[in-house]
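Reviewing the structure listed below.
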Amino acid sequence: MTAVVLVVGMLPWLSGSSAEYTILRARYADLPATPENLARVSAELGLDRGPLVIFWEWATAMMRGDAGESWISGRPVLPGVLDALAVSLTLMGFAIVVALLLAAALSVPALYAGLRGRSARGSGAAAATLTALPEFLLAACLLVLGAVWLGWFPPYGWRGPEYAVLPALAMGIPGGGLIGRLMVEAITRTFAERWTATWQMAGVSRTVLAAAVLRRSLPAVLGQVGLVLIGLTGGAVAVEQIFAIPGLGRLTLGAASSQDIPALQAGVLALVIIAILIGSTTSLARRALLGPALRYDAVPVQMPQRSRRRRDLVVPGVAGAALLLLTVAGSLRDAYSAVNGRLTSPSSALPLGADATGRDILARVGQGTWTTLGTALAVVFACLLIGLFLGCLPRLSSGPAEVTNAAPPIIAGLLVASVFGPSVLGAAVAITAVSWAPLAVYTAGLVTEMSSRTYIKMLPLLGVGRARIMFRHVLPALIGPVTRHAMLRLPGIALALAALSFLGLGAQPPAPEWGLVLAEGMGYVERAPWTVMGPASALILASVLAVSLSSLPPRPSRRIRPEAAPLREGTSVLTLQ
């Protein structure tokens, strides 16, 4: 948190000379961009006073309730930010209601089945599909379906409750699907515990038993619920941009693109504070539910009730095969030449049609796989190295990992874009900055598990040093499971990169990148819906692949000799949240 505040406070200095040129064009359009005029703007903005002075002046002003003046309009920033914050909080409130209602609808069948003594079959394909759709993609689909084709809801703006329906659905459905799936699994595991059968034989009423099961199940998922709600702050940026809602996310995104640093500072700080408050609230709720069990370090751990089966691989296999087919078909075509008619409809020659400049959409989507997944693979490799290094130092990484794990990628993208400008590299840096934490936590758990094994504890008694133990015995056993875990995050990281490109913070034209191709087609969706169907299909396949892979049950544990002691995926009692 301290590092985020420092970066936000020093944004005017970090933004460099490009901000001076932007302000010169916005305030003094009649003046040429000479070194003298740029220096005058720099002195006016205070960019020549150094980072520490800039941060101190900003911090003291914020403590007085003064967020400064806009570099573009010259008006005070705080009133506009507060108005936008009220809009965003209202929208998030609607989205939370949608998420909780959907989660309850998915959980009720599992609770009912458990009360009748039957085992729930799981949350089902419907919940998996709902969870798989990222906010920016679902918002685009709902805009096309509910506002353009059916005309049931207004397409953009913020003038009444009806304007919040589609945005709230876009933000609440993915989170509600995830919470519902987690609750179904937690409820199913709780009913498999012996005490529930004892209560039923003792004649406890179903109402009392249901309340007890929910109380037992909620603490296991509240951590993820907090992350889902925190994710709404990032999802709000994309949703507000798509539906032209004058909220905090859209204001912050506009400030980043125009380099209005005071407005960007206030917007990012408000988003971070919202995320911290949500995380603290869910943590307090978990502590209240656990009660004495937490104080006496007697928190029970729910264990998975089933192991991986072959049919669990059907959904990721089908999604991966379809995505591979789309990639191969598009890679053999030209993605840059505008040789077709403008907005040509799909045909045998153009299976996905042409975009607004006459380029082959299938080619752009297929080659976008290499751009998006290639960048995602580099991010995964960087996160793997960081996670392995910091995970081997659990005391050093525990605090930063918790804060980083709760930071939405879009906030990091806004900060990086404001400093270095929008680019693929900047988006990759932003995603890496917030994606290493789960791998570090996972590595730290495995290191703790390895260190508790008898043969590891005996090595120091035989004269083996700590460095040799780590590099000769622990790390070789860690690399395999941590690498597999990192690769499972590849589709999710690709979606985060696509989201940044969709918002203009990542890849720039004419690059064939999924999010960028989708953004280019949004303006023509009413008369040429195929401009968004191609990239939307690729994103949906990647989303289903990401969710299905991350939801795979653990493999059946295998008995191994203590002296071999390799770490196999599925043998750890630790679960990554």
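Looking only at atom types and distance, the side chain of T531 has no donor-acceptor partner in the side chain of E520 under 3.5 Å away.
Looking only at side-chain heavy atoms (C-beta outward), F94 and P167 stay at 4.5 Å or farther from each other. The shortest distance between side-chain heavy atoms of V87 and D83 does not fall below 4.5 Å. V81 has its side chain within reach of L251: a pair of non-hydrogen atoms, C-beta onward, lies under 4.5 Å apart. T60 places a side-chain heavy atom less than 4.5 Å from the side chain of W56. Using a 4.5 Å heavy-atom cutoff, the side chains of L89 and I274 are in contact. Proximity of L78 to D66: side-chain heavy atoms (C-beta onward) are nowhere separated by under 4.5 Å.
Scanning all heavy atoms of the two residues, the minimum distance from P262 to E69 falls at CG-O, 3.2 Å. The two residues V434 and A412 have their closest heavy-atom pair at CG1-CB, 3.9 Å. Residues P409 and L500 approach most closely at O-CD2, 4.3 Å, considering heavy atoms. When every heavy atom of F153 is checked against every heavy atom of E162, the shortest pair comes out as CD2-O, 4.1 Å. Smallest separation of non-hydrogen atoms from G413 and L505: C-CD1, 4.1 Å. Across all non-hydrogen atoms, the minimal contact from A67 to A266 is CB-CB, 4.2 Å.
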Chi angles and distances behind the side chain to side chain contact (heavy atoms under 4.5 Å, CB included) call for L497, T371 | CA-CA 10 Å; L497 290 167; T371 303; over 6 Å; no
Stepwise side chain to side chain contact (heavy atoms under 4.5 Å, CB included) test for I361 and M533 | CA-CA 10 Å; I361 295 179; M533 287 183 177; over 6 Å; no
Does the side chain to side chain contact (heavy atoms under 4.5 Å, CB included) test come out yes or no for V98 and M171, once each step is laid out?
-> CA-CA 8 Å; V98 171; M171 294 172 59; over 6 Å; no
Check step by step if side chain to side chain contact (heavy atoms under 4.5 Å, CB included) holds for Q265 and I261.
-> CA-CA 6 Å; Q265 287 177 298; I261 302 300; 4.0 Å; yes
Show your working on side-chain hydrogen bond (donor to acceptor under 3.5 Å, both in side chains) between S423 and Q508 and close with a plain yes or no.
-> CA-CA 6 Å; S423 65; Q508 300 298 300; over 6 Å; no
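A distance of 6.0 Å separates CG of L100 from CD1 of I179, quoted to the nearest 0.5 Å. With rounding to the nearest 0.5 angstrom, the CG atom of L388 is 4.5 Å from the CG atom of L384. The line from CZ of R250 to CG of L503 is 12.0 Å long, rounded to the nearest 0.5 Å. Taken to the nearest 0.5 Å, the CG atom of L138 stands 10.5 Å off from the CG atom of L145. Taken to the nearest 0.5 Å, the CG atom of L102 stands 4.5 Å off from the CG atom of L106. How far CG of L248 is from CG of L271: 4.5 Å, rounded to the nearest 0.5 Å.
Side-chain atoms of R489 never come within 3.5 Å of backbone atoms of L439 as a donor-acceptor pair (strictly under, hydrogens ignored). Under a 3.5 Å cut-off, the side chain of W436 and the backbone N or O of A433 do form a donor-acceptor pair. A donor-acceptor pair under 3.5 Å is absent between the side-chain atoms of E135 and the main chain of A170, judged by distance alone. Checked by atom type and distance alone, the side chain of W514 pairs as donor or acceptor with a backbone atom of V365 at under 3.5 Å.
The side chain to side chain donor-acceptor pair (under 3.5 Å) search around S501 returns E513, not counting sequence neighbours. Residues satisfying the side chain to side chain donor-acceptor pair (under 3.5 Å) test with T443, not counting sequence neighbours, are none. With sequence neighbours excluded, the residues that form a side-chain contact (heavy atoms from CB on, under 4.5 Å) with A255 are D260, A263, L264.
The distance between the ring centers of F502 and F136 falls below 6.0 angstrom.
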